[in-house]
Structure formats: structure tokens, C-alpha cells
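What follows is a set of notes on a single structure, which appears directly below.
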Amino acid sequence: MGERPDNYRYTQSHEWVAPAEDGTARIGITDHAQSSLGDLVFVELPEVGTSFNAGEQVAVVESVKAASDIYAPVAGEIASVNETLEDAPEQVNEDPFGEGWLFELKLESEEATESLLDAAAYKEVADADD
């Protein structure tokens, strides 16, 4: 299954990270994750300005099957959230790597994303999950 942009980084818990040149990174869940969850019906996003350490629970996505915690892939402060998901959580299912992004972090360290999985390594994680 699925699309995995080569220029993104990934976590074992199925979040993707798209680092930007301004020291922020956009975060969402992978195509594999949204497909496994099924139709999303609710997304609980963090407050802008809140700081998280890598691995801390940041958000929740709820589908018709189950609720799933979303973790901070790296340490940082929430710079923005995708407010359109409040009225349209299905965007995560429809475009997980685009309009379905969840939040943006101001990174504590731009190098932090380098330790995350590349697309090939994440493919092995997703394939093992199937």
C-alpha cells in the first residue's frame, strides 16, 4: 500500500514529517495509517504555542473503528494547526500527505529529523504491519 514521498521523514508510529527551510516541519499521518484506521470522524489538535518532546502524545485522530494517539516525531513548539480538519476530518483520508496535514512544529533542532526513517525504511515498517 501506498504512497510515501521520498523527501519526507517517517516514524515507527506512522507519522510523516516534512521539514521546511524556515526551521519548522509539517506533520501528518501516513497513507498506511489513515488506511488502517478507516474513515476519520474527528481530529483533536494541540494548541498553538504548546511545546512537546519527541514521543509525547500531541493529538488524537478518531475513526469509525478506533481512536489513535498521534506523537511528536521530534521536539518542538506547535507553530500552527490545520483548522480545516475540525469541519472536514475526512481530508486526512483523502489527502494524507497534502491537505490532510495535522500540525506544524517549530523545531528545537533542525537536525532532529535526520534520525527519523527515510521512505525506504518506513516501507519496511508499513509492510511488516500488513
Side-chain angles (χ1 to χ4, degrees):
M1 141 98 15
E3 172 187 355
R4 283 173 293 280
D6 287 338
N7 58 334
Y8 286 16
R9 305 298 276 190
Y10 301 88
T11 67
Q12 298 271 346
S13 54
H14 308 290
E15 289 89 5
W16 58 258
V17 179
E21 292 182 11
D22 65 356
T24 64
R26 185 167 277 188
I27 287 109
I29 64 172
T30 65
D31 189 40
H32 173 79
Q34 69 80 22
S35 177
S36 298
L37 285 166
D39 293 337
L40 293 184
V41 294
F42 180 74
V43 177
E44 180 183 322
L45 296 170
E47 286 189 38
V48 172
T50 308
S51 293
F52 293 92
N53 292 316
E56 285 188 314
Q57 190 254 327
V58 175
V60 176
V61 293
E62 189 175 324
S63 72
V64 294
K65 291 181 181 177
S68 184
D69 292 336
I70 306 301
Y71 302 97
V74 293
E77 178 183 314
I78 301 297
S80 65
V81 298
N82 186 354
E83 294 176 357
T84 63
L85 298 179
E86 186 174 308
D87 294 326
E90 67 275 8
Q91 286 182 328
V92 176
N93 295 111
E94 295 167 358
D95 190 11
F97 294 105
E99 295 301 313
W101 64 278
L102 299 177
F103 56 90
E104 292 179 328
L105 278 177
K106 181 177 179 188
L107 303 174
E108 281 188 10
S109 162
E110 291 185 40
E111 295 78 28
T113 60
E114 294 171 10
S115 64
L116 299 173
L117 303 171
D118 64 16
Y122 177 71
K123 180 183 183 309
E124 292 180 21
V125 170
D127 287 349
D129 233 24
D130 289 335

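If you read the sequence from its start, that first residue is 1, and numbering goes on from there.
- Phe97 and Val92 sit in two unconnected hydrophobic clusters of ILVMFWY residues. Membership requires side-chain heavy atoms under 4.5 Å apart, directly or through other members.
- Ile29 is not connected to Trp101 by any chain of hydrophobic side-chain contacts under 4.5 Å among Ile, Leu, Val, Met, Phe, Trp and Tyr, and they are in different clusters.
- The salt bridge (Lys or Arg N to Asp or Glu O under 4.0 Å) search around Lys65 returns none, not counting sequence neighbours.
- One N or O on the side chain of Trp16 and one on the backbone of Pro96 form a donor-acceptor pair closer than 3.5 Å.
- Between Glu104 and Arg26 there is a salt bridge, with a side-chain nitrogen of the basic residue lying less than 4.0 Å from a carboxylate oxygen of the acidic one.
- Ala112 and Ser115 get closest at one heavy-atom pair: O-OG, 3.0 Å.
- Nearest heavy atoms, Ala119 versus Pro5: CB-O, 4.0 Å.
- Scanning all heavy atoms of the two residues, the minimum distance from Ala54 to Pro73 falls at CB-O, 3.9 Å.
- For the side-chain contact (heavy atoms from CB on, under 4.5 Å) test, residues two or more places apart in sequence or in another chain that qualify with Ala121 are Leu117, Asp118.
- Between the side chain of Ser35 and the backbone N or O of Asp31 there is no donor-acceptor pair closer than 3.5 Å.
- Of the inter-residue distances, the one linking Glu108 atom CD with Glu111 atom CD reads 12.0 Å to the nearest 0.5 angstrom.
- For residues 37-59, no residue pair satisfies the side-chain hydrogen bond (donor to acceptor under 3.5 Å, both in side chains) rule, not counting sequence neighbours.
- Residues satisfying the side-chain contact (heavy atoms from CB on, under 4.5 Å) test with Glu62, not counting sequence neighbours, are Val41, Phe42, Ala67.
- Taking Glu21 as the reference, nothing meets the side-chain contact (heavy atoms from CB on, under 4.5 Å) condition, with sequence neighbours excluded.
- Partners of Thr24 under the side chain to side chain donor-acceptor pair (under 3.5 Å) rule, at least two apart in sequence or in another chain, are Asp22.
- Every pair tested for ring pair (Phe, Tyr, Trp, His ring centres under 6.0 Å) that includes a residue from residues 46-71 fails, sequence neighbours excluded, so the list is empty.
- A continuous path of ILVMFWY side-chain contacts below 4.5 Å connects Val74 to Ile70, so both sit in one hydrophobic cluster.
- You'll find the side chain of Leu102 reaches within 4.5 Å of the side chain of Val43, heavy atoms only.
- Val48 and Leu105 fall within a single hydrophobic cluster, where Ile, Leu, Val, Met, Phe, Trp and Tyr are joined by side-chain heavy atoms under 4.5 Å apart, directly or via other members.
- Separating the CD1 atom in Ile27 from the CD1 atom in Ile78 is a distance of 7.0 Å, to the nearest 0.5 Å.
- Within the structure, side-chain hydrogen bond (donor to acceptor under 3.5 Å, both in side chains) contacts touching residues 89-99 (residues at least two apart or in different chains) are Gln34-Asn93, Thr84-Gln91.
- Taking CD from Glu3 and OG1 from Thr30, the interatomic distance works out to 10.5 Å, rounded to the nearest 0.5 Å.
- Applying the ring pair (Phe, Tyr, Trp, His ring centres under 6.0 Å) test to Tyr122 and every residue at least two apart in sequence or in another chain returns Tyr10, His14.
- A single hydrophobic cluster is seen to contain both Val58 and Val81, as judged by linkage of ILVMFWY side chains at heavy-atom distances under 4.5 Å, directly or through other members.
- Residues forming a side-chain contact (heavy atoms from CB on, under 4.5 Å) with Ser68 (at least two apart in sequence, or on another chain): Leu37, Val61.
- In Asp6, the CG atom is not crowded: 12 or fewer heavy atoms of neighbouring residues, nucleotides or ligands sit closer than 6.0 Å.
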